[in-house]
Protein chains: 2
Amino acid sequence: METTAKRFRKREAILACLQGTTSHPGAEWVFEQLKPQIPDLSLGTVYRNLSLFKEQGKIISLGTVKGVERFDANTAPHVHFICNGCGRVLDLAQIQVPTQLSDAAASSMGGRVDSCQLTFAGLCGACKTPYKEETP
Amino acid sequence: METTAKRFRKREAILACLQGTTSHPGAEWVFEQLKPQIPDLSLGTVYRNLSLFKEQGKIISLGTVKGVERFDANTAPHVHFICNGCGRVLDLAQIQVPTQLSDAAASSMGGRVDSCQLTFAGLCGACKTPYKEETP
DNA sequence: GTGTAAATAAGAATTGTTCTCAAACAGAAA
DNA sequence: TTTCTGTTTGAGAACAATTCTTATTTACAC
């Protein structure tokens, strides 16, 4: 029977959805993705569980892009690029934040550094050379 | 009469307020600061003008911290530290993001890098060692 | 004075997110 | 099986930050 996954926890589906994409989506996107498979999914459940995963450290928040909080199931420290054109968030896996920067940060303000986020913004390859956009 | 500047543009007051602080505030904070001097200031005006300044490049947005967008009139690239204890945002003027990182970012994704933000998070000196009393 | 375009106040509308609560569910115990 | 108990959920109300609308005010040119 095809009663496989649908009867089980939606929580797992939400985490799996995030783990199965590199698009650093927001809650709404996850909801839209899962809705066809899980028609009785509620947007509130998506928010609730994303929030839970964040607390548990299973996912991280990249902050809000254009008013929407974006998430990443890749919890390893890595660098991001936000396209101001299309809003996409890309991983820049090649780039590492030098550890001496973290050390310098900690010592320069006498506190403790728990995490760091390096984010570049600009235009991605596709948006850099766009089709001509007209205002009517 | 002391009706000198207050009857003139609120826009200027909003920018000046942001330029006169290092606290990386949000719209509400700016509004509260100016309200005593400009009693008929509207919160909408603060939002509108912050948005305008951002567009014009006169200020930058640090993104949202706990749901509130924070701004900085210091448009020179610099590093920030967010204290998870007290929520303050500090400048780490001593630290620079190596330019080769930006270059690497741009070339690795074939786009254009317009800005970068390096943000550390953790506990500031005060929050790291709480209740440390000074000698009386 | 009149005309005009920019800036504003006030608050309504919008939007992303959180909260409430009753119902559904999963698993343990009887 | 049936009952019990704590967990998860759907639906939508509530909320807060931000944006939008509109009528009014201002600055300035004529």
Side-chain angles (χ1 to χ4, degrees), chain A residues 1 3-18 23-56 58-72 82 84 87 89 135, chain B residues 1 3-18 23-56 58-72 82 87 89:
Chain A
M1 327 290 288
T3 55
T4 44
K6 1 215 84 164
R7 28 213 338 265
F8 294 133
R9 292 282 147 46
K10 292 154 191 185
R11 178 166 299 173
E12 290 164 16
I14 292 166
L15 184 56
C17 176
L18 202 61
S23 70
H24 314 84
E28 190 86 29
W29 186 92
V30 172
F31 177 69
E32 297 297 343
Q33 287 296 114
L34 294 175
K35 190 72 178 177
Q37 313 156 32
I38 312 175
D40 69 334
L41 181 65
S42 167
L43 183 57
T45 297
V46 176
Y47 275 107
R48 190 187 308 124
N49 284 301
L50 287 175
S51 195
L52 181 70
F53 296 148
K54 189 169 66 172
E55 237 173 59
Q56 296 173 335
K58 291 179 179 171
I59 67 176
I60 57 176
S61 167
L62 305 184
T64 62
V65 178
K66 297 186 182 190
V68 177
E69 185 168 17
R70 307 282 288 261
F71 299 92
D72 192 344
I82 298 177
N84 291 140
V89 179
T135 26
Chain B
M1 328 273 290
T3 54
T4 44
K6 359 217 82 166
R7 32 209 337 265
F8 293 133
R9 294 283 146 44
K10 292 155 193 185
R11 178 166 298 175
E12 291 163 16
I14 292 166
L15 184 56
C17 175
L18 202 59
S23 70
H24 314 83
E28 189 86 31
W29 186 92
V30 172
F31 176 70
E32 297 296 341
Q33 288 296 113
L34 295 175
K35 189 74 179 177
Q37 314 156 32
I38 311 173
D40 69 335
L41 180 65
S42 166
L43 182 57
T45 298
V46 176
Y47 274 106
R48 187 185 326 112
N49 285 301
L50 287 177
S51 195
L52 181 69
F53 296 148
K54 189 169 67 171
E55 238 172 56
Q56 296 173 334
K58 291 179 179 171
I59 67 176
I60 56 174
S61 167
L62 305 185
T64 61
V65 178
K66 295 185 184 193
V68 177
E69 185 166 18
R70 307 280 290 262
F71 298 93
D72 193 342
I82 298 177
V89 179

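Since the model is a prediction, treat every value here as computed from it, not as a measurement. Letters A, B, ... mirror the listed sequences (proteins, then strands); counts begin at 1.
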Only one of A/H24, A/E69, A/K54 passes side chain to side chain donor-acceptor pair (under 3.5 Å) with A/S61, and that residue is A/E69

In whole angstrom, what separates B/K66's NZ from C/dT17's P? 17 Å

Residue B/L43, side-chain heavy atoms: nucleotide from C/dG16, D/dT9, D/dT18 that is nearest: D/dT18

In whole angstroms, how far is the C1' atom of C/dT17 from the CZ atom of A/F53? 17 Å

Rounded distance in Å - CZ (B/F31) to C1' (C/dA9): 10 Å

Would you say the side chain of B/V68 lies within less than 4.5 Å of the side chain of B/W29, judging by non-hydrogen atoms? no

Ranking C/dA9, C/dT8, D/dT8 by distance to the side chain of B/R9, first place goes to C/dT8

Between CG of A/N49 and P of C/dC19 the distance, given in whole Å, is 14 Å

A/I14 versus A/L50: any side-chain heavy-atom pair under 4.5 Å? yes

Can you tell me how far P of D/dT26 sits from CD of B/E12, to the nearest Å? 16 Å

Rounded off to whole Å, could you give me the CD1-to-C1' distance for the B/I38 and C/dA9 pair? 13 Å

Looking at side-chain heavy atoms only, is the closest gap between B/F71 and B/V30 below 4.5 Å? no

So the salt bridge (Lys or Arg N to Asp or Glu O under 4.0 Å) pairs with at least one residue in residues 26-46 of chain A (sequence neighbours excluded) are A/K10-A/D40

Whole-Å distance between C/dG11 P and B/D40 CG? 13 Å

Toward the 5' end of DNA chain D, which comes first, B/E69 or B/R48, by nearest nucleotide? B/E69

For a quick test of reading the model: is some side-chain N or O of A/Y47 closer than 4.0 Å to OP1 or OP2 of C/dT18? no

Candidates D/dT9, C/dA9, D/dA17 - which lies nearest the side chain of B/V68: D/dA17

Would you say C/dT8 has OP1 or OP2 under 4.0 Å from some side-chain N or O of B/R11? yes

For atom CG of B/L50 and atom P of C/dT8, their distance in whole Å: 12 Å

Please determine whether a side-chain nitrogen or oxygen atom of B/T45 lies at a distance below 4.0 Å from atom OP1 or OP2 of C/dA9. yes

Any side-chain N or O of A/K10 below 4.0 angstrom from OP1/OP2 of D/dG10? yes

